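Take a look at the structure below.
Note that the numbering runs from 1 along the sequence shown for the chain. For clarity, every value in this text was computed on a predicted model and none was experimentally measured.
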Amino acid sequence: MIKTGAQHLESLRDGRRVLIEGGEAGDVTVNPAFRNACATVGEIYDFQARPENRDLMTYEVEGTGTRANRIWQLPTSYEELVERRRALEAWANVHCGFLGRSPDHVASCISGMYMGLDVFEAYDKNRAGALADYYRYARDNELYLTYVIINPQADRSKAAHEQKSQFLTAGVVDEDAEGLTIRGAKMLATAGIMANEVFVTCIQPLGKGEEPYALSFAIPMNAKGLKILSRKSYEADARSVYDNPLASRYDENDAVLYFDDVKVPWERVFINQDTEMCNKQFHATPAHVYQNYQAQVRLMVKMRFLTGLARRIADVNGVTNFPQVRETLGALAADCGMVDSMVHAMETKGFQYGPYFVPDRHTLYAASVINQQLYPKFITTLRDLAGGGVIMLPSSIADFSNEEMADLIGKTQQSPAASSEGRVKFFKLAWDAIGSEFASRHTQYEMFYSGATFVTKNHSFRTFDWERSQGMVDSMLDSYSLEDELNTYGHAAE
């Protein structure tokens with residue numbers, strides 16, 4: 001099945017309970033808080049369904065005679081990994097990288113877990129079978145998955161079982177022949193309102209006493225008892241596409257999920273109350289690498305967009321030929337090139353994991369560490385370039401409908417590179433990318449979606465080839481000795 005936009009939108013009309021602004025959202029495909037973002041996802045699926053994009057976006061599933069989206073492809077070589085990346089890159093181009101939890105993200109995670117099926121089989125053959133079946137089910141039905149893998153913040157000095165409420169964090173409240181019953185909350189269901197299903201687990205290390213929270217399972221977003229608590233919708237506050245071209249269409253939304261005694265059948269359970277395996281599912285398999293590799297591909301596309309935005313800011317303000325501005329643009333272009341190069345380096349330095357080809361772990365984590373610091377710095381530089389131009393803009397598109405105001409806009413919004421209307425249009429876009437509430441959320445997202453900075457730095461620490469580097473140090477130290485040097489010094493003194 002190669003899903004179309006219309007088919008995906010229809011799949012969202014499933015009775016899911018999305019709570020926002022004091023009530024229920026109803027059909028998310030028509031609710032003003034979500035409809036444009038849902039339509040954007042529809043555009044993504046329509047892109048893959050075009051005949052000219054068939055080979056780019058899909059691959060033939062071995063032994064089935066059918067095709068599936070490349071987000072489910074399990075590369076066995078460098079060449080196949082690059083083919084898969086080109087599909088991810090093309091999809092990200094549709095939204096300029098602003099959908100952080102697009103359909104390819106969690107699909108990459110589940111695909112990586114499937115690559116490490118042997119780890120699950122060593123743990124429990126039945127749970128491994130459930131994972132394998134689910135991977136094929138999600139692939140063949142082209143499900144859009146999100147995930148919730150973080151516990152509610154609450155008191156971070158205490159473990160999940162030490163919080164005031166035993167079921168603040170989603171955990172097992174009952175277990176029977178049919179499956180598990182789950183009660184409690186998880187975060188952060190980015191894009192949950194427009195996904196088909198949610199993968200639920202915990203990426204944070206769990207210790208003794210936290211077994212009820214050490215779970216891994218997947219359920220539909222309309223599962224009985226599942227409540228989706230949406231944050232404020234930036235789309236709802238966007239007056240028009242002209243005034244907020246990004247927030248009005250690319251607000252993927254974030255939500256807390258509350259499991260009000262949700263029943264999860266055994267065929268959807270991949271880990272049951274095992275703290276050690278809960279950690280292994282990410283780091284003893286290619287899952288964590290594949291999901292974050294996808295994120296770096298998306299960021300690569302987004303950085304290209306922002307770099308283009310920077311150049312246009314300079315052009316519209318007529319400052320491109322100022323030496324200091326060219327220096328700034330050159331530095332931004334270098335940063336953009338670095339992000340691009342690191343994605344390609346992950347691929348060229350990749351390694352075989354059984355029959356599969358996996359991006360290089362340390363290059364990936366090095367990119368995560370660097371980009372967490374780079375993104376806010378990059379945005380600040382764009383704000384420096386823009387100055388007050390992104391603030392002193394007409395209040396809304398309605399100003400153009402008033403003849404007097406439109407005339408004043410023409411007199412006051414001047415640019416050597418654009419008409420007055422073109423200048424306003426561009427700076428509305430620039431502000432939505434670097435300074436609006438939507439933009440602020442994106443800066444926070446890029447800084448923390450892969451974990452706190454100490455987390456990503458620890459990933460870099462544990463995957464770096466310390467033996468090689470320290471071997472060089474040892475080799476240098478072994479190349480001379482105190483005794484030899486003293487003998488040489490003594491002879492020289494004579």
Side-chain angles (χ1 to χ4, degrees), residues 75-82 84-85 108 112 115-116 118-119 203 205 276 279-297 299-300 303 327 330-378 446-494:
T76 59
S77 66
Y78 164 77
E79 291 75 18
E80 289 185 359
L81 180 64
V82 170
R84 184 179 183 274
R85 185 253 300 156
S108 296
M115 293 178 194
D118 56 322
V119 178
I203 199 169
E276 182 181 1
N279 187 52
K280 279 185 176 182
Q281 68 181 325
F282 287 107
H283 299 295
T285 75
H288 198 253
V289 169
Y290 257 88
Q291 71 189 55
N292 283 286
Y293 164 69
Q294 178 278 336
Q296 292 299 319
V297 173
L299 181 63
M300 174 180 71
M303 295 300 281
E327 181 181 354
L332 292 174
D335 287 338
C336 183
M338 179 187 65
V339 174
D340 187 287
S341 297
M342 293 192 83
V343 168
H344 288 76
M346 295 169 207
E347 298 166 352
T348 57
K349 292 176 66 179
F351 65 99
Q352 288 294 146
Y353 178 88
Y356 308 113
F357 192 79
V358 179
D360 180 66
R361 294 176 186 272
H362 185 258
T363 307
L364 167 68
Y365 293 129
S368 295
V369 171
I370 291 169
N371 290 332
Q372 279 182 309
Q373 301 169 57
L374 173 64
Y375 192 87
K377 174 187 169 186
F378 205 92
E446 299 295 358
M447 290 174 65
F448 292 104
Y449 75 81
S450 57
T453 55
F454 74 87
V455 173
T456 55
K457 289 172 183 175
N458 272 293
H459 289 326
S460 176
F461 176 85
R462 68 179 174 80
T463 57
F464 184 70
D465 190 349
W466 293 107
E467 185 176 347
R468 181 176 66 174
S469 292
Q470 292 186 116
M472 295 173 67
V473 176
D474 291 339
S475 180
M476 177 62 73
L477 290 170
D478 291 343
S479 69
Y480 60 94
S481 71
L482 176 61
E483 183 179 357
D484 290 342
E485 290 302 301
L486 284 173
N487 288 332
T488 302
Y489 178 77
H491 290 312
E494 293 176 2

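Listed for the Gln372 side chain is a donor-acceptor partner under 3.5 Å among the backbone atoms of Gly451. Between the side chain of Ser475 and the backbone N or O of Gly471, no donor-acceptor pair lies under 3.5 Å. Under a 3.5 Å cut-off, the side chain of Asn458 and the backbone N or O of Phe454 do form a donor-acceptor pair. A side-chain donor-acceptor contact under 3.5 Å links Asn292 to the backbone of His288. Side chain of Thr456 to main chain of Thr453: a donor-acceptor pair is present (N/O by atom type, distance under 3.5 Å, no hydrogens or angles).
For CD of Glu276, the number of neighbouring non-hydrogen atoms (other residues, nucleotides, ligands) closer than 6.0 Å is 12 at most. More than 12 heavy atoms of other residues, nucleotides or ligands shown are found within 6.0 angstrom of CZ on Phe464.
Using a 4.5 Å heavy-atom threshold, the side chains of Tyr290 and Pro75 count as touching. With a 4.5 Å cut-off on side-chain heavy atoms, Tyr375 and Met303 count as touching. Side-chain contact check for Arg85 versus His344: some heavy-atom pair is nearer than 4.5 Å.
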Inset, instruction - Would you sort out whether Arg84 and Ser108 count as a side-chain contact (heavy atoms from CB on, under 4.5 Å), showing the intermediate values? - result: CA-CA 11 Å; Arg84 184 179 183 274; Ser108 296; 2.8 Å; yes
Legend entry - Stepwise side-chain contact (heavy atoms from CB on, under 4.5 Å) test for Met338 and Ile370: CA-CA 10 Å; Met338 179 187 65; Ile370 291 169; 3.5 Å; yes
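Atom CZ of Phe282 and atom NE2 of His459 lie 10.0 Å apart (nearest 0.5 Å).
Each of Asp340, Val343, Asn371 was evaluated against Leu299; a single residue qualifies, Asn371, per the side chain to side chain contact (heavy atoms under 4.5 Å, CB included) test.
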